[in-house]
Amino acid sequence: MSRKPDPLRVSPGAILRQYSAEETAAWLAQWLEAFGKDRHGVNAKDYLWHIFSGARYPSLGGAKALTEYRRHSAPEYVVLSNARDVAFETNLPPETCSLSDFYVSPRNLAWTMAFTHEDGWLGPYFARHADFASLNEANLKRLQKAAEAEAAKMKGWR
C-alpha cells in the first residue's frame, strides 16, 4: 500500500500556487544560475545549502541570516524543496515548512534563504544575488505600487 505524501504547509502565510514539474525544474535552473555556479566539490547534489556552508557563495549563517531574512520583503515568495521536485509560491516569507530543507526567494532572486535540517548547527543561510541592489529596488517598487493600489481600492477607486 502506497502512502500519500504529507500535504505541504508553510508558516506564516499560505500557499498561493504549486508549480508544475516543468516550472519547478525551470525555477531550480534559475536558482542554480544565480547562487550555485561554483557548487561542485561541496556535495550540493545532496544538499544545495552546502553551497553556503562550503563557502562557495557568500552568505550569512545562523541568527544573522534569520535577522537579515526578516528585513527583506517581496511581492511574493517562491519556496523550492531541496529534493528539487517541489516548488510553490507563498504570500508571506515562511520560516517553517513541511519540507525539511527548503529555499525561499522572491521571484526575481534578489536574495535567497536556505533553511536546513541542521538548523542551529549548520544554517540557516541568507545570500544576496550579485545584482541585489537593482533587483531589491524592483521588489520594493512593486510592493509600493501594490500598497498604492490597495489604498485606492479602499477609497472606492477601481
Side-chain angles (χ1 to χ4, degrees), residues 5 8-146:
L8 292 171
R9 295 179 313 280
V10 295
S11 180
I15 296 173
L16 302 176
R17 84 176 187 99
Q18 188 166 344
Y19 291 126
S20 69
E22 294 80 19
E23 291 170 318
T24 297
W27 177 251
L28 171 64
Q30 291 174 34
W31 191 95
L32 288 171
E33 180 64 26
F35 302 104
K37 289 181 184 176
D38 189 22
R39 67 186 175 275
H40 304 288
V42 291
N43 195 20
K45 183 177 177 185
D46 288 335
Y47 297 105
L48 290 172
W49 54 264
H50 284 175
I51 293 165
F52 307 121
S53 66
R56 296 300 176 96
Y57 194 94
S59 65
L60 297 173
K64 288 180 181 179
L66 201 51
T67 298
E68 193 66 14
Y69 176 63
R70 290 174 177 157
R71 289 183 57 234
H72 290 81
S73 296
E76 62 282 311
Y77 304 88
V78 177
V79 177
L80 173 66
S81 71
N82 187 75
R84 301 158 175 91
D85 59 348
V86 173
F88 55 88
E89 194 169 293
T90 69
N91 61 334
L92 296 173
E95 291 192 20
T96 63
C97 181
S98 55
L99 303 167
S100 65
D101 296 86
F102 62 99
Y103 309 86
V104 179
S105 302
R107 266 197 228 149
N108 68 0
L109 293 164
W111 50 264
T112 194
M113 181 70 167
F115 289 94
T116 77
H117 69 278
E118 302 282 1
D119 188 22
W121 182 47
L122 295 171
Y125 297 99
F126 181 88
R128 292 179 172 184
H129 190 284
D131 194 19
F132 170 79
S134 65
L135 292 171
N136 195 55
E137 183 178 338
N139 285 338
L140 295 176
K141 284 181 182 178
R142 285 186 58 215
L143 284 168
Q144 181 180 357
K145 192 169 193 159

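Contact of the Thr24 side chain with the Asp85 side chain is not registered, since no non-hydrogen atoms from C-beta on lie closer than 4.5 Å. Between Thr112 and Val104 there is no side-chain heavy-atom pair separated by less than 4.5 Å. Under the 4.5 Å side-chain criterion, counting only non-hydrogen atoms from C-beta, Pro124 is in contact with Met113. Inter-residue side-chain proximity for Phe126 and Ser59 is flagged as unmet; no heavy-atom pair is nearer than 4.5 Å. Between Arg39 and Lys45, the closest side-chain pair of non-hydrogen atoms is not below 4.5 Å. Annotation: side chain of Leu60 is not in contact with side chain of Tyr125 (no heavy-atom distance under 4.5 Å).
In terms of heavy atoms, Tyr57 sits closest to Ala34 at CE1-O, 3.4 Å. What you find for Tyr19 and Glu89 is that their closest heavy atoms are OH-OE1, 2.8 Å. Pairing each heavy atom of His72 with each of Asn136, the nearest pair is CD2-OD1, 4.0 Å. Residues Ile51 and Gly36 come closest through the heavy atom pair CD1-CA, 3.6 Å. Residues Thr116 and Gly123 share a closest heavy-atom pair of OG1-CA, 4.1 Å. Counting all heavy atoms, side chain and backbone alike, Ala127 lies closest to Pro58 at CB-O, 3.5 Å.
The pair Glu137-Lys141 meets the salt-bridge criterion, with a side-chain N (NZ, NE, NH1 or NH2) lying under 4.0 Å from an Asp/Glu carboxylate O. Using a 4.0 Å cut-off between a side-chain N of Lys or Arg and a carboxylate O of Asp or Glu, Glu76 and Arg17 do not qualify as a salt bridge.
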Item checked: Stepwise side chain to side chain donor-acceptor pair (under 3.5 Å) check, Ser134 with Asp131 -> CA-CA 6 Å; Ser134 65; Asp131 194 19; 2.9 Å; yes

Note to self: The test is side-chain contact (heavy atoms from CB on, under 4.5 Å); show your working for Phe88 and Cys97 and say whether it passes.
What the structure shows: CA-CA 11 Å; Phe88 55 88; Cys97 181; 4.0 Å; yes

Notebook entry, point to check: Step by step, would you call Asn139 with Asn108 a side-chain contact (heavy atoms from CB on, under 4.5 Å)?
Noted result: CA-CA 8 Å; Asn139 285 338; Asn108 68 0; 3.1 Å; yes

Item checked: side-chain contact (heavy atoms from CB on, under 4.5 Å) between Leu32 and Lys37, worked out -> CA-CA 6 Å; Leu32 288 171; Lys37 289 181 184 176; over 6 Å; no

Check: Can you list the steps and then say if Trp31 with Leu109 is a side-chain contact (heavy atoms from CB on, under 4.5 Å)?
Finding: CA-CA 7 Å; Trp31 191 95; Leu109 293 164; 3.9 Å; yes

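How far CG of Leu140 is from CG of Leu135: 11.0 Å, rounded to the nearest 0.5 Å.
Taking the ring centroids of His50 and Tyr47, they lie under the 6.0 Å cut-off. In this structure, His117 has its ring center no closer than 6.0 Å to that of Phe102. A distance below 6.0 Å separates the ring centres of Tyr69 and Trp111.
The closest side-chain donor-acceptor pair between Trp49 and Asn82, if any, does not fall under 3.5 angstrom.
In terms of modelled atom types and a separation under 3.5 Å, the side chain of Glu23 and the main chain of Ser20 share a donor-acceptor contact. A donor-acceptor distance shorter than 3.5 angstrom exists from the side chain of Tyr103 to the backbone of Leu48, with no hydrogens or angles considered.
In this structure, Tyr77 has no side-chain hydrogen bond (donor to acceptor under 3.5 Å, both in side chains) partners at least two apart in sequence or on a different chain.
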